[in-house]
There are 2 protein chains.
Amino acid sequence: MKILIDALGSDKGAKEIIKGTIKAMKEVEFTPILLGEEKVLAPLLEGEAIEIIEASEVIENNEEPTLAVRRKKNSSIVVGSRLLKEDLADGMFSCGSTGGLLASGLFIVGRLKGVDRASISIALPNPKGHSLVMDVGANMDSKPEMLLQFAYMGSVYLELMEERERPKVALLNVGIEEGKGNFLTKEAYKLLKSSDLNFIGNIEARDLFKGEADVIITDGFSGNVSLKTIEATVKFISEELREALMSSFKSKIGALLIKDELKNMMKKLDYRAVGGAPLLGLKKPLFKGHGSSDSLAVYNGILRLIDFIEKDVIEKLEERLSEVEDAR
Amino acid sequence: MKILIDALGSDKGAKEIIKGTIKAMKEVEFTPILLGEEKVLAPLLEGEAIEIIEASEVIENNEEPTLAVRRKKNSSIVVGSRLLKEDLADGMFSCGSTGGLLASGLFIVGRLKGVDRASISIALPNPKGHSLVMDVGANMDSKPEMLLQFAYMGSVYLELMEERERPKVALLNVGIEEGKGNFLTKEAYKLLKSSDLNFIGNIEARDLFKGEADVIITDGFSGNVSLKTIEATVKFISEELREALMSSFKSKIGALLIKDELKNMMKKLDYRAVGGAPLLGLKKPLFKGHGSSDSLAVYNGILRLIDFIEKDVIEKLEERLSEVEDAR
């Protein structure tokens with residue numbers, strides 16, 4: 001199995017990417033192919049014989065993705081997407097620009113039949129494990145049908161990857177009652193309700209961490225706002241907590257005693273630690289790692305991608321979507 | 001000054017509302033008028049001579065607001081709105097159904113000229129103080145022009161109520177660059193940019209607590225999702241923290257030492273403590289308190305409402321909006 005690994009575009013540099021790759025090689029059998037500049041990457045290989053395919057450009061986060069993909073033919077993302085399309089590799093892992101990956105995925109790799117847009121998900125922790133939240137930023141002006149497709153993608157993904165039977169699907173909304181929400185959620189509710197999915201109704205953002213749903217469906221705008229609000233709140237609380245703990249001699253002693261527990265807790269809250277999420281809806285496996293992934297996150301992401309490929313998630317999603325299409 | 005106080009519709013019952021009212025009476029001069037059932041409220045008055053106007057129905061949170069306002073003529077919210085409209089009182093404070101208050105505000109009290117919809121705001125804490133976030137749930141399918149109106153409302157409110165000069169206005173979006181976002185935010189950006197407001201551009205949800213903006217503008221759907229995501233995250237962290245602190249003997253000792261600091265911190269995070277927010281865009285002062293307000297929150301809310309009335313916020317907002325209209 002050939003896995004393309006984008007050595008560019010990560011905040012922490014190529015070193016962490018390569019470290020994570022080597023760690024994964026020791027765990028499972030696969031052939032990594034690094035995308036980047038040979039002269040930069042070769043010295044970092046720690047003696048491992050890893051193929052490098054030349055790619056010198058990086059699509060930055062602040063670039064207009066569609067334009068960037070068209071212009072930067074030699075970017076790691078575009079080079080990798082081409083190789084995927086031509087069946088010269090089985091999957092790609094990248095910590096680069098989400099927009100760039102999506103644009104490249106849509107225009108070069110291509111969409112699955114029955115899918116209007118690809119979607120990005122995150123695994124949100126809860127006391128029982130985690131929920132899959134999607135879309136968290138791939139699509140800005142979503143249509144109700146797209147939200148239904150996201151629900152199918154998420155369900156099939158969890159069924160296969162985590163052996164959850166008939167995953168519970170909920171719609172992120174401003175109230176739990178049917179008929180609540182904006183035009184999009186009202187219409188999406190109807191579609192979800194009349195589908196063969198295990199739809200459990202609306203969920204309010206205040207219940208995001210309750211673990212009541214396996215898949216939480218939202219449009220990319222609200223999903224992104226919600227996700228980044230979690231980030232903001234965690235950061236604000238951490239800072240306030242630090243200040244509170246340093247405010248007196250007594251609290252400083254207390255802080256010393258709870259240091260390890262606090263660290264573990266903050267780790268649990270870090271959804272980025274999961275290490276990578278698929279761009280669901282594309283014809284080929286394409287995983288996106290967080291921009292600030294360390295070697296452990298890269299390792300986790302690659303292992304997840306390999307699992308995704310071995311479980312034929314894309315083929316099975318395609319089958320499921322065509323069954324749904326036929327049943328209409 | 002006559003202030004209508006809705007004694008119904010609060011999760012904690014009429015007792016906390018009345019306690020808060022009496023506390024406020026000892027602080028500032030005003031004439032409270034309680035809305036509710038005399039036989040229930042009279043025994044709770046602690047010997048104070050407070051007028052009670054009969055209202056026996058409650059608009060519940062799960063009712064369709066417009067229908068409820070039409071049907072429940074004897075609800076505290078509808079009775080109060082009528083009195084406001086007829087100039088028999090100067091303002092109203094209620095912890096009842098937000099939807100009911102909005103519907104009643106729009107259909108009975110009426111909108112200001114130049115305003116398409118009323119808006120609900122919250123005061124979001126940050127290290128420097130707080131930002132006003134609006135709309136947080138009044139309007140589901142907002143139009144760009146409505147977001148511009150929210151920005152004027154928020155700016156005038158902060159100028160008058162908190163003496164902030166030319167409040168900085170930001171637009172909640174998925175990226176900071178111009179051109180990011182969905183149709184609504186892209187169009188609203190253009191309107192804000194060409195207005196005479198102190199518009200500082202987009203703000204991402206991850207920067208919500210940075211205190212960079214005085215007013216953060218968003219549509220009611222995303223605003224509501226963001227607000228409730230904060231609630232969810234605070235709750236999740238509190239629970240995880242509690243568990244972490246109880247996990248060992250050492251951490252239990254630590255927890256004892258930091259108890260007070262933790263309590264203070266959580267208090268700071270509770271945006272509900274502010275005690276009430278105006279429904280901006282209506283012809284009369286109508287303040288909404290959180291459904292679970294205690295007597296302190298009610299007290300704070302009433303004081304804020306009185307301040308709002310004394311500062312003629314509505315008249316000045318109307319002037320400002322008509323200047324904007326004329327300048328077009």
Side-chain angles (χ1 to χ4, degrees), chain A residues 61-62 64 125-127 137 140-141 172-175 177 179 181-185 204-210 218-222 224-237 239-241 243-245 247-248 250-251 253-262 264-265 268-269, chain B residues 61-62 64 125-127 137 140-141 172-175 177 179 181-185 204-210 218-222 224-237 239-241 243-245 247-248 250-251 253-262 264-265 268-269:
Chain A
N61 279 317
N62 57 3
E64 208 291 296
N126 63 52
M140 287 299 105
D141 292 288
L172 186 64
N173 209 333
V174 298
E177 300 86 1
N182 54 14
F183 174 80
L184 176 66
T185 53
E204 283 191 83
R206 69 159 62 99
D207 296 327
L208 274 174
F209 295 97
K210 274 201 182 159
T218 174
D219 71 287
F221 188 88
S222 307
N224 194 268
V225 164
S226 181
L227 182 65
K228 287 180 183 162
T229 300
I230 296 173
E231 259 185 66
T233 312
V234 170
K235 193 158 174 268
F236 185 58
I237 294 182
E239 286 165 2
E240 291 288 320
L241 190 59
E243 203 176 295
L245 293 180
S247 63
S248 72
K250 200 178 80 175
S251 67
I253 304 288
L256 271 177
L257 293 170
I258 59 164
K259 213 178 64 183
D260 297 340
E261 281 81 5
L262 272 190
N264 282 336
M265 191 195 84
K268 197 169 163 184
L269 281 169
Chain B
N61 279 317
N62 57 3
E64 209 292 296
N126 63 51
M140 287 298 106
D141 293 288
L172 187 64
N173 209 334
V174 298
E177 301 85 3
N182 54 13
F183 174 80
L184 177 65
T185 53
E204 283 191 83
R206 70 159 61 99
D207 296 326
L208 273 175
F209 294 97
K210 275 200 182 160
T218 174
D219 70 289
F221 188 88
S222 307
N224 195 267
V225 164
S226 181
L227 182 67
K228 287 180 183 162
T229 300
I230 296 173
E231 259 185 66
T233 311
V234 170
K235 193 158 175 268
F236 186 57
I237 294 181
E239 285 164 4
E240 291 289 321
L241 190 60
E243 204 177 295
L245 292 180
S247 63
S248 73
K250 199 179 81 177
S251 67
I253 303 288
L256 271 177
L257 293 171
I258 59 164
K259 216 178 62 184
D260 297 340
E261 280 81 4
L262 273 189
N264 282 336
M265 192 195 84
K268 196 168 164 185
L269 281 168

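A, B, ... follow the sequence lines: proteins, then strands. Residue 1 opens every chain. These numbers come from the heavy atoms of this one structure, side chains and all, not from hydrogens, waters or symmetry mates.
- With rounding to the nearest 0.5 angstrom, the CD1 atom of B/Ile253 is 12.0 Å from the CG atom of B/Leu245.
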(Q) What verdict does the side chain to side chain contact (heavy atoms under 4.5 Å, CB included) test give for B/Ile237 and A/Met265, after you've listed the backbone C-alpha separation in whole Å, the side-chain angles of each residue and the deciding distance to 0.1 Å? (A) CA-CA 8 Å; B/Ile237 294 181; A/Met265 191 195 84; 3.8 Å; yes
Q.
Test side chain to side chain contact (heavy atoms under 4.5 Å, CB included) on B/Thr185 and A/Phe221; report intermediate values, then the result.
A. CA-CA 10 Å; B/Thr185 53; A/Phe221 188 88; 3.6 Å; yes
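- Counting heavy-atom pairs closer than 4.5 Å to chain A, the top-ranked of the candidates B/Ser247, B/Gly137, B/Gly181, B/Ala255 is B/Gly181.
- Atom-to-atom distance recorded for A/Ser222:OG and B/Asn224:CG is 10.0 Å, nearest 0.5 angstrom.
- When each of B/Ser248, B/Gly175, B/Gly254 is scored by its heavy-atom pairs under 4.5 Å with chain A, the top score falls to B/Gly254.
- In this structure, chain A has heavy atoms under 4.5 Å from both the backbone and the side chain of B/Phe183.
- Top candidate by heavy-atom pairs under 4.5 Å with chain A, chosen from B/Val174, B/Leu208, B/Ile258, B/Thr218, is B/Val174.
- Heavy atoms of B/Asn264 lying under 4.5 Å from chain A are absent altogether.
- B/Lys259 meets the salt bridge (Lys or Arg N to Asp or Glu O under 4.0 Å) test with no other residue; sequence neighbours excluded.
- Of the listed residues (B/Glu177, B/Glu64, B/Glu204), the greatest number of heavy-atom pairs within a distance under 4.5 Å of chain A belongs to B/Glu204.
- Within the model, atoms CD of B/Glu231 and CZ of A/Arg206 stand 4.5 Å from one another, a figure rounded to the nearest 0.5 Å.
- For B/Leu241, the parts lying near chain A are the backbone and the side chain together; criterion is any non-hydrogen pair under 4.5 Å.
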